[in-house]
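Sequence lines set the chain letters: A, B, ... in the order given, protein chains first and strands last, and positions in each chain run from 1.
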Amino acid sequence: MKRYVIKSAFGGLQPEESLFSIPYKEALNPAQYEAVTTLHGPILVIAGAGSGKTRTLTYRVARLVEEGVPPSAILLLTFTRKAAQEMLRRAAALLDQRCEKVAGGTFHSFANLTLRRYAEKLGFQSGFSILDRADAEDVINLLRTRMGLNLKGRRFPRKRTITTIYSRAVNKVLPVREVIFEDYPHFLKEAENLLHLCGEYKAYKRENLLMDYDDLLIHLRTLLANNPDVQETLSQTYRYIMVDEYQDTNKIQADIIRFLASTHNNVMVVGDDSQSIYAFRGANFRNIMDFPALFPGTNIVKLEENYRSTQPILAIANEIIGRAKEKYTKVLFTQKGYGTVPALVAAEDERRQSLFVSQRILELREEGISLNQIAVLFRSGYHSFDLEIELNQRNIPFVKVGGFKFMETAHIKDLLAHLKILANPLDTVSWHRVLLLVENIGPKTAEEIFHCVTRSSIGLKGLATVKPKPRYARAFERLSKEMDSLDGSHLSLVETGAKLMRYYEPILEKKYDDYPKRAKDLEHLLTIMERYRRLEDFLSDMALEPPNASVDDMLATDYEDEQLVLSTIHSAKGLEWHTVFIISALEGRFPVTYAARSDEEMEEELRLMYVAATRAKENLYLTYPINIYDRGAGMVFSRPSRFIEGISEEMLDHWSLVNEEEEE
DNA sequence: CGGGACAACGTTTTT
DNA sequence: CGTTGTCCCG
């Protein structure tokens with residue numbers, strides 16, 4: 001007898017033909033699917049950690065393009081430019097190259113591009129220069145001195161504090177006086193002067209065509225608010241808007257979105273209220289809850305299934321966020337039921353903590369976990385200093401993200417200042433910097449010179465109108481000639497940079513003992529310049545998205561090899577690793593001491609710990625040194641972070657470190 | 001007035 | 001620990 005088998009799932013009939021090449025339904029869970037396929041009207045996606053937020057955005061970009069929406073009509077605003085590029089790259093991989101053409105970037109970079117196009121509408125006839133934090137401080141310092149506010153014996157706030165106050169006022173939409181009252185009551189007696197100085201600062205920026213980071217947002221909002229025609233045009237240009245990390249946006253950014261969407265309301269914002277970690281920058285996690293009020297008829301979608309972490313890791317994360325005073329909107333679950341219980345590791349001191357982390361990393365490496373799959377996270381940049389030494393000794397390659405900035409080093413800023421002058425001869429901040437580098441020129445002389453130049457109103461050619469005193473005449477002529485030869489020359493950007501570097505090299509050697517190292521940094525800057533054609537583009541990018549690795553890190557990257565990641569938690573946002581170490585999880589460092597000032601700040605620290613813990617897929621180690629060195633008190637005992645204290649052994653393995661000899 | 005030497009301070013996270 | 005402010009000399 002022959003057996004004839006009827007196959008169960010073979011159809012001569014094709015399944016219902018899809019209009020789309022991408023199997024959205026199969027690739028997404030129902031909530032994600034809804035978010036991806038609801039293309040019109042406002043949508044708020046509450047996306048828990050690891051719930052496929054990026055996936056959802058990526059698929060939605062592809063979907064829009066597949067539906068026939070021109071890529072240039074889609075605007076994707078993210079927290080870093082890298083995040084936007086990555087999403088568009090993935091969307092392109094799903095569908096096709098068109099997705100790369102979608103307009104994407106940060107709020108600041110978008111503002112920069114738009115404002116340059118409409119500069120004249122705001123009275124910035126010939127463009128503007130961007131002041132980074134340090135530049136802004138320099139301007140304030142200059143004005144403070146000019147106003148005679150920093151007389152000795154008087155306790156006037158430092159330039160850094162002043163800048164912080166102004167920025168906070170802008171970002172939180174509060175009067176300066178209010179910020180002083182709330183956060184710096186001890187400076188209330190200087191409130192009048194601070195207000196006056198603030199006015200001077202604004203005027204100065206306007207006169208000299210300068211914008212700081214906050215101005216980019218403020219001016220964009222003003223542009224949209226005061227020019228209905230521009231608002232209409234832009235809204236019609238960007239007919240589909242998506243905003244990532246919405247929990248970390250502030251009121252100004254919300255207003256901008258409101259204006260941009262005014263003609264269509266096609267806005268999808270994605271965020272997680274329990275991952276809001278930028279309150280210090282004016283972000284308010286309640287913003288995300290206000291979205292439906294801003295856009296009536298908002299569709300709310302919640303993504304609660306976590307695809308990233310194992311159950312034991314998620315249990316810790318839920319325990320941490322459960323300690324928050326504010327109640328949150330969702331509870332994460334996972335189907336990865338297995339997994340190793342996270343460990344709490346008490347090390348005798350910082351040194352031992354470093355030994356543990358590096359040794360454990362090497363073991364994981366042996367087990368076949370690539371260094372790329374491992375990250376060490378910390379609250380503040382300096383927490384990893386000791387570990388960095390140990391990693392260097394053991395030849396474990398790493399990149400450090402966050403904390404100190406290559407761009408902020410003096411020699412890089414020096415060279416950039418020369419370029420900034422070429423781009424904007426009214427940029428007095430850069431003039432100041434450039435002139436101070438010339439021998440025998442100090443603040444007073446510098447000011448005289450650039451007054452002379454700006455008053456001539458013939459741009460850089462105004463250098464010729466300066467009559468230098470013999471003291472500095474020779475060195476000044478050298479600068480003058482150099483700038484004159486570059487002004488209006490047909491050299492490419494990188495050639496200009498190289499030429500300037502030859503000019504700057506003697507100054508560098510005179511100024512710094514470690515000039516060979518710094519010269520290397522500058523070489524590296526030249527290789528970055530090669531990628532740009534326009535000076536303005538290069539300068540904007542350096543201000544808005546500066547490369548954040550130093551030259552040593554860059555060299556390591558050249559090998560395209562495995563690298564361990566060291567990162568501040570803020571810079572680790574949105575990323576994930578197989579194994580995560582959270583170091584220095586102790587009272588005073590994490591939460592930082594200052595957080596005790598207010599409940600809000602403490603809550604934010606807690607969310608920060610939550611963000612850190614939810615970066616881990618398989619392994620999570622929390623470590624803390626028992627003895628730490630405190631500058632005031634010397635060695636002091638420390639307690640583990642309150643955010644993880646008292647968690648049961650079942651949920652969190654407690655490890656103590658033992659010396660090899662002692663163990664025998 | 002510019003520049004170097006020295007003391008004091010306060011210390012997060014980032015566009 | 002590195003930056004910021006002050007003092008004093010050339």
K.L.:
Identify, with sequence neighbours excluded, every residue that meets side-chain contact (heavy atoms from CB on, under 4.5 Å) alongside N392(A).
P.N.:
F398(A)
K.L.:
To the nearest angstrom, how far is E604(A) atom CD from dT14(B) atom P?
P.N.:
12 Å
K.L.:
Check the side chains of D138(A) and H432(A) for a donor-acceptor pair under 3.5 angstrom, ignoring hydrogens and angles.
P.N.:
no
K.L.:
Measure the distance from CD on E600(A) to P on dT12(B) and round it to the nearest whole Å.
P.N.:
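Checked: the CD to P distance equals 20 Å.
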K.L.:
Please confirm whether the shortest side-chain N or O distance from T445(A) to OP1 or OP2 of dC1(B) is below 4.0 Å.
P.N.:
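No, no such contact exists.
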K.L.:
Need one value for I569(A): base, sugar-phosphate or nothing, where a base atom within 4.0 Å counts as base even if backbone is also close, heavy atoms only.
P.N.:
nothing
K.L.:
Is a salt bridge present between E645(A) and R642(A), judged by a nitrogen-to-oxygen distance below 4.0 Å?
P.N.:
no
K.L.:
Can you check the I162(A) CD1 to dG5(C) P distance for me, whole Å?
P.N.:
9 Å
K.L.:
Please compare A543(A) and A446(A) by the position of their nearest nucleotide in DNA chain B and report the one closer to 5'.
P.N.:
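Looking at the nearest nucleotide for each, A446(A) comes out on the 5' side.
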K.L.:
Using the test side-chain contact (heavy atoms from CB on, under 4.5 Å), find all partners of L143(A) that sit at least two apart in sequence or belong to another chain.
P.N.:
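For L143(A), the residues satisfying side-chain contact (heavy atoms from CB on, under 4.5 Å) (neighbours in sequence not counted) are V139(A), R146(A), L197(A), E200(A), Y201(A), Y204(A).
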K.L.:
Taking the same atom, P, in dT4(C) and in dT13(B), what whole-Å distance lies between them?
P.N.:
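dT4(C) and dT13(B) have their P atoms separated by 15 Å.
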K.L.:
Can you tell me the distance, in whole Å, between the CD atom of E448(A) and the C1' atom of dG2(B)?
P.N.:
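Atom CD in E448(A) sits about 13 Å away from atom C1' in dG2(B).
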K.L.:
When the distance from CG of L131(A) to P of dT15(B) is rounded to whole Å, what number comes out?
P.N.:
17 Å
K.L.:
Heavy atoms only, 4.0 Å cut-off, all strands: where does Y278(A) land among base, sugar-phosphate and nothing?
P.N.:
sugar-phosphate
K.L.:
Considering heavy-atom distances to DNA chain B, does T80(A) or R379(A) have its closest nucleotide positioned more toward the 5' end?
P.N.:
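First, find each residue's nearest nucleotide; the 5'-ward one identifies R379(A).
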K.L.:
Counting side-chain heavy atoms from C-beta on, which of dT15(B), dG5(C), dT13(B) comes nearest to R158(A)?
P.N.:
dG5(C)
K.L.:
Taking atom C1' of dT13(B) as reference, at what distance in whole Å does atom CG of L608(A) sit?
P.N.:
7 Å
K.L.:
Is any side-chain N or O of R144(A) closer than 4.0 Å to OP1 or OP2 of dG5(C)?
P.N.:
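Indeed, a polar side-chain atom of R144(A) lies that close.
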K.L.:
Can you tell me if R168(A) touches the phosphate of dT14(B), counting only side-chain N or O atoms and a distance under 4.0 Å to OP1 or OP2?
P.N.:
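No, no such contact exists.
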K.L.:
Does T568(A) offer a backbone N or O that forms a donor-acceptor pair with the side chain of S571(A) under 3.5 Å?
P.N.:
no
K.L.:
Is the base of dT13(B) stacked against the aromatic ring of F280(A), taking ring centres under 5.5 Å apart and planes under 30° as the test?
P.N.:
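Yes, aromatic ring over the base.
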K.L.:
Within less than 4.0 Å of OP1 or OP2 of dT13(B), is there a side-chain N or O belonging to S571(A)?
P.N.:
no
K.L.:
Nearest whole Å is fine: how far is dG2(C) C1' from F385(A) CZ?
P.N.:
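Answer to the nearest Å: 10 Å.
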K.L.:
Specify the separation, in whole Å, of atom CZ of R133(A) and atom P of dT13(B).
P.N.:
12 Å
